[in-house]
J.: 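Take this structure first; my questions come after.
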Amino acid sequence: MMEDSPASNFLQNIVSEDLASGRVAEVVTRFPPEPNGYLHIGHAKSISVNFGLAEANGGRCHLRFDDTNPEKESQEYIDAIQADIRWLGYTWDGEVRYASAYFQQLYDWAVYLVEQGNAYICDLSPEEAREYRGTLTESGRNSPHRDRSVEENLDLLARMKAGEFDEGARVLRAKIDMSAPNVNLRDPILYRIRKVSHHQTGTDWVMYPTYDFAHGQEDAIEGITHSICTLEFEDHRPLYDWFLEHLPVTGRPRQYEFGRLNPSYTITSKRKLKQLVDDGVVGGWDDPRMPTVAGMRRRGYTPAAIRKFCDMIGTTRGDGVVDVAMLEFAIREDLNDNAVRGMCVLNPLKVVLTDYPQDKLEELSVAAHPNRDDLGSRVLPFTRELFIDADDFRAEANKKYKRLVLGKRVRLRNAYVIEADEVIVDDEGNITAVHAHTIPGTLGENPADGIKPKGVIQWVSASHGKRAEVRLYDRLFNHEAPDKGDNAFMDYINPDSLNVVHAAWIEPSLAAAVAEQGFQFEREGYFVADRYDHSPDKPVFNRTIGLRDTWNNG
RNA sequence: UGGGGUGUCGCCAAGUGGCAAGGCACCAGGUUUUGAUCCUGGCAUUCGGAGGUUCGAGUCCUCCCACCCCAGCCA
């Protein structure tokens, strides 16, 4: 096995050079979510990049809540985000950090900027400010308040902090350049008045710093060396640097951007994900169909698979759409290697083995995994009456059909080869049962007469099997790029994204599964015992992902 | 004639002037008590386009084209 050296990517190259040249002695990164929603697959990528870069280079990674806009944030999100990061298997350095813990320092720096003549209080209304800002192709105009004296600005700023002004009445702005081609540099807003309680600081503040005035300084305070974000912040980098240059900060972090992850058939806009939750399209942020970390967890995806996927797709400055098939591959690979096997019949059809004694019971000991002896074995009760899947029987079929057919043989997985003799039909012509007989001596052996069955099917003892609820999930959207356009994503909801089988049959050992344990139900796919609803008395499994299926002309 | 980015196989992605890695997907075989796994083989005379420099260019230069981001008192 090759040593898994850190995947080569442009960020690793930068870090390597910085370490080699001595620009930094240690790599310190940070994952800085705003607690305004649950983490999704895109965040998982960012976490993988930030924690991964630190891990691979003997550095550290901080977890910092970028909580500068209390209106949309909450403690619920803070708790969920921490749980998700831990579940993914990452450990942040030291305590959890909060941008809000730096509010006083940030305010002091705002005062400093005013004193230096680099910031001013502006009384323009939001509408006026927009008008003064100009457009992408036309220069902006200076605010009429741009040349207030330092004294007046200091007084106004203090009164703003004291709560004398209404929301929207005034803002603090940096004095940069209203004609800058980069719109972010046209006297950006540093502070806005928001008379709302903050989940961390309560009512201590009535004004809050904007992302631009906070982020770089937070990084500097924490000694972050490489501040990694996504591409859309690229235009903010000049501003990020401007503050670091004009403020008496000690650290000198640098911002680098990489391309956002966009898996096909999924949405990664927090606003849209929230809408799915609020509109009841899904059961919640952790609905197994959601691309959230909590949703993927409940779906049965594993941390190892998610991390593998993040490594597979690389880290670049491109902004393409990654085929979800890659994510699915990572999930299947991990589960195939590690999940215990079991048998489950989703659409039961009774099979009566007419030659098998009514009261006979054989307890077959079979491998838990086809090529992992270390995973042990399980016991399968074999009896006269069994259930097989209705799709695995046909009165007649062509030779491509490798399952049970009247007058033909099939191997019952881990048990006997049987041959179908008769179809039992009810008054309306529906098949209610199949009568069959076993081929003697076929337990672990091929038929003595040399007539090998063409196929193998799963089964569950009708008398010893357990009932279970099985939730079959499929992709939430039936459009490759549902995120394109404004609200079109609601039109692309897959109406068949959830199909609940209320009375499936599972082999008895599966009922003992512990919540979140993953299995492969042979020939059906990978399933996980539901994190919340599963219990031995009332087993509930979620389909994580189907098996790869190349039998495409049934 | 606003600024900033990105363009290498259907998708992701190596490649940093020397003769186009790899993965996913797909196709064709083989093994198989899972139509799974596994194994073998196939899959870019060509790198957005056109010129140019060079013995030699995906890599350098010029021009052009396409797509993405930015005009929140969101992040």
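Chain naming here is simple, since letters A, B, ... match the order of the sequence lines and numbering starts at 1 in each.
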J.: Now, which nucleotide makes the Watson-Crick or G-U wobble pair with B/U32, with each of the two distances under 3.5 Å?
T.: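 Pairing partner: none.
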J.: Measuring from atom OG1 of A/Thr29 to atom CD1 of A/Ile228, what distance do you get when rounded to the nearest 0.5 angstrom?
T.: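 The distance works out to 6.0 Å.
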J.: Across the strands shown, which category fits A/Val417 at heavy-atom distances under 4.0 angstrom: base, sugar-phosphate, nothing?
T.: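 Result for A/Val417 = nothing.
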J.: Name the closest nucleotide to the A/Met326 side chain, picking from B/G72, B/C11, B/A13.
T.: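 Given the options B/G72, B/C11, B/A13, the side chain of A/Met326 is closest to B/C11.
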J.: B/C43 pairs with which nucleotide, Watson-Crick or G-U wobble, both distances below 3.5 Å?
T.: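 Base-paired to nothing in any strand shown.
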J.: Mind checking if A/Ser125 touches a base, just sugar-phosphate, or nothing, with heavy atoms under 4.0 Å?
T.: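 Contact class for A/Ser125: base.
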J.: So does A/Arg260 get a side-chain nitrogen or oxygen closer than 4.0 Å to the phosphate oxygens (OP1/OP2) of B/G5?
T.: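 No, no such contact exists.
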J.: Within 45° of the six-membered ring axis of A/Tyr132 and under 6.0 Å from that ring's centre, is NZ or CZ of A/Arg141 located there?
T.: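 Checked: cation-pi criterion met.
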J.: About how many Å separate OG1 of A/Thr210 and CG of A/Asn69, when rounded to the nearest 0.5 Å?
T.: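 Those atoms lie 10.5 Å apart.
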J.: Say whether A/Ser179 and A/Asp177, considering side chains only, have a donor N or O and an acceptor N or O under 3.5 Å apart.
T.: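 Side-chain D/A pair, A/Ser179 to A/Asp177: present.
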J.: Given B/U34, B/A25, B/G3, identify the nucleotide with an atom nearest to the side chain of A/Pro181.
T.: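 That would be B/G3.
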J.: Does A/Pro370 reach a base, just sugar-phosphate, or nothing at all? Heavy atoms under 4.0 Å.
T.: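 Answer is base: heavy atoms of A/Pro370 come under 4.0 Å of a base.
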J.: Checking base pairs now: Watson-Crick or wobble, both atom distances under 3.5 Å. What partners B/C63?
T.: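 Check on B/C63: paired to B/G49, both distances under 3.5 Å.
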J.: Side-chain N or O of A/Arg372 less than 4.0 angstrom from OP1 or OP2 on B/U37?
T.: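 Result: no.
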J.: Which of the following nucleotides, B/C73, B/C12, B/A71, is nearest to the side chain of A/Ile313?
T.: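 When the side chain of A/Ile313 is considered, B/C12 is the closest of B/C73, B/C12, B/A71.
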J.: Does the Lys NZ or Arg CZ of A/Arg148 fall within the cation-pi geometry relative to A/Tyr120 - under 6.0 Å from the ring centre and within 45° of the axis?
T.: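 That pair does not qualify as a cation-pi contact.
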J.: OP1 or OP2 of B/A36 versus the side-chain N and O atoms of A/Arg332: is any pair under 4.0 Å?
T.: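 Negative; the distance criterion is not met.
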J.: Is the ring centre of A/Phe10 less than 6.0 Å from the ring centre of A/Phe258?
T.: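 They do not qualify: ring centres at least 6.0 Å apart.
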J.: Think A/Arg317 has a side-chain N or O under 4.0 angstrom from the OP1 or OP2 of B/G5?
T.: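 Checking B/G5 against A/Arg317, no side-chain N or O comes under 4.0 Å of OP1 or OP2.
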J.: May I ask you to say what A/His236 touches in the nucleic acid, namely base, sugar-phosphate or nothing, with a heavy-atom cut-off under 4.0 Å?
T.: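 Touches a base.
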J.: Generate the contact string for nucleotides 38-44 of chain B. Rules: B means base contact, S means sugar-phosphate contact only, - means no protein heavy atom under 4.0 Å.
T.: -------
J.: Does B/G72 have its OP1 or OP2 closer than 4.0 Å to a side-chain nitrogen or oxygen of A/Arg133?
T.: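 Yes, such a contact exists.
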J.: Using both distances under 3.5 Å as the test, list the Watson-Crick or G-U wobble partner of B/A20, or none.
T.: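 By the stated definition (distances under 3.5 Å), nothing pairs with B/A20.
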J.: With a non-hydrogen cut-off below 4.0 angstrom, is A/Ile545 in contact with a base, only sugar-phosphate, or nothing?
T.: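 Nothing, no heavy atom under 4.0 Å.
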J.: Which one, B/A75, B/A25, B/G35, comes nearest to the side chain of A/Thr68?
T.: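 Side chain of A/Thr68 sits closest to B/A75.
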J.: Applying a 4.0 Å non-hydrogen cut-off, can you work out what A/Gln520 is touching in the nucleic acid: base, sugar-phosphate, or nothing?
T.: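 Base, at least one base heavy atom under 4.0 Å.
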J.: Counting side-chain heavy atoms from CB outward, which of B/A75, B/C73, B/G35 is closest to A/Arg403?
T.: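 Out of B/A75, B/C73, B/G35, the nucleotide with an atom closest to A/Arg403's side chain is B/G35.
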J.: For the C1' atoms, the ones on B/G58 and on B/C19, what distance do you get once it is rounded to whole angstrom?
T.: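 Going atom to atom, C1' in each nucleotide, I get 12 Å.
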J.: Any side-chain N or O of A/Arg173 below 4.0 angstrom from OP1/OP2 of B/C73?
T.: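 The answer is no; no side-chain N or O of A/Arg173 sits under 4.0 Å from OP1 or OP2.
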J.: Closest to the A/Leu231 side chain: B/G5, B/C24, B/G35?
T.: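 Taking heavy atoms from C-beta onward, the closest nucleotide is B/G5.
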J.: Among B/C24, B/C74, B/G2, which nucleotide sits nearest the side chain of A/Thr137?
T.: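 Among the listed nucleotides, the one closest to the side chain of A/Thr137 is B/G2.
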J.: Determine the contact category for A/Arg411: base if any of its heavy atoms lies under 4.0 Å from a base atom, sugar-phosphate if only primed atoms, P, OP1 or OP2 are that close, otherwise nothing.
T.: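 Answer is base: heavy atoms of A/Arg411 come under 4.0 Å of a base.
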J.: Salt-bridged, A/Asp334 to A/Lys308, with N to O below 4.0 Å?
T.: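 Salt bridge between A/Asp334 and A/Lys308, a charged N being under 4.0 Å from a carboxylate O: no.
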J.: Using only heavy-atom distances, decide whether a donor-acceptor pair under 3.5 angstrom links the side-chain of A/Asp549 to the base of B/G35.
T.: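 Check fails, no donor-acceptor contact within cut-off.
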J.: Over all strands shown, is A/Gly444 touching base, sugar-phosphate only, or nothing at heavy-atom distances under 4.0 angstrom?
T.: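 Base contact.
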J.: At 4.0 Å (heavy atoms only), tell me whether A/Leu124 reaches a base, stays on the sugar-phosphate, or touches nothing.
T.: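 Here A/Leu124 touches the bases of the nucleic acid.
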J.: Would you classify A/Asp319 as touching base, sugar-phosphate or nothing, given that sugar-phosphate means primed atoms plus P, OP1 and OP2, and contacts are heavy atoms under 4.0 Å?
T.: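 Sugar-phosphate contact only.
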J.: Determine the contact category for A/Arg170: base if any of its heavy atoms lies under 4.0 Å from a base atom, sugar-phosphate if only primed atoms, P, OP1 or OP2 are that close, otherwise nothing.
T.: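 Nothing: the residue A/Arg170, judged by heavy atoms under 4.0 Å, touches no strand.
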J.: What protein N or O atoms touch nucleotides 28-32 of chain B N or O atoms at under 3.5 angstrom, if any, and at what distances?
T.:
none

J.: Where the side chain of A/Thr210 is defined as all heavy atoms beyond and including C-beta, which of B/G35, B/A75, B/A71 is the nearest nucleotide?
T.: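 Among the listed nucleotides, the one closest to the side chain of A/Thr210 is B/A75.
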J.: Looking at B/G2, which nucleotide sits across from it as a Watson-Crick or G-U wobble partner, both distances under 3.5 angstrom, or is there none?
T.: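 Paired with B/G2, as far as the under-3.5 Å criterion goes, is B/C70.
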J.: Look at A/Thr316 and B/A13 and indicate whether a side-chain polar atom (N or O) is within less than 4.0 Å of OP1 or OP2.
T.: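 So the side chain of A/Thr316 is within the cut-off, an N or O lying under 4.0 Å from OP1 or OP2 of B/A13.
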J.: Looking across every strand, which nucleic acid part, if any, lies under 4.0 Å from A/Phe233 by heavy atom: base, sugar-phosphate, or nothing?
T.: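 Base contact.
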J.: Only one of A/Leu412, A/Ile506, A/Leu380, A/Val366 forms a side-chain contact (heavy atoms from CB on, under 4.5 Å) with A/Met343, so which one is it?
T.: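 Among A/Leu412, A/Ile506, A/Leu380, A/Val366, the one meeting side-chain contact (heavy atoms from CB on, under 4.5 Å) with A/Met343 is A/Leu380.
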J.: Of the candidate nucleotides B/A36, B/G35, B/C73, which contains the atom at the shortest distance from the side chain of A/Leu547?
T.: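 The listed nucleotide nearest to A/Leu547's side chain is B/A36.
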J.: Output the single nucleotide from B/A71, B/U34, B/G5 whose closest atom is nearest the side chain of A/Val183.
T.: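 The answer is B/A71, which lies nearest to the side chain.
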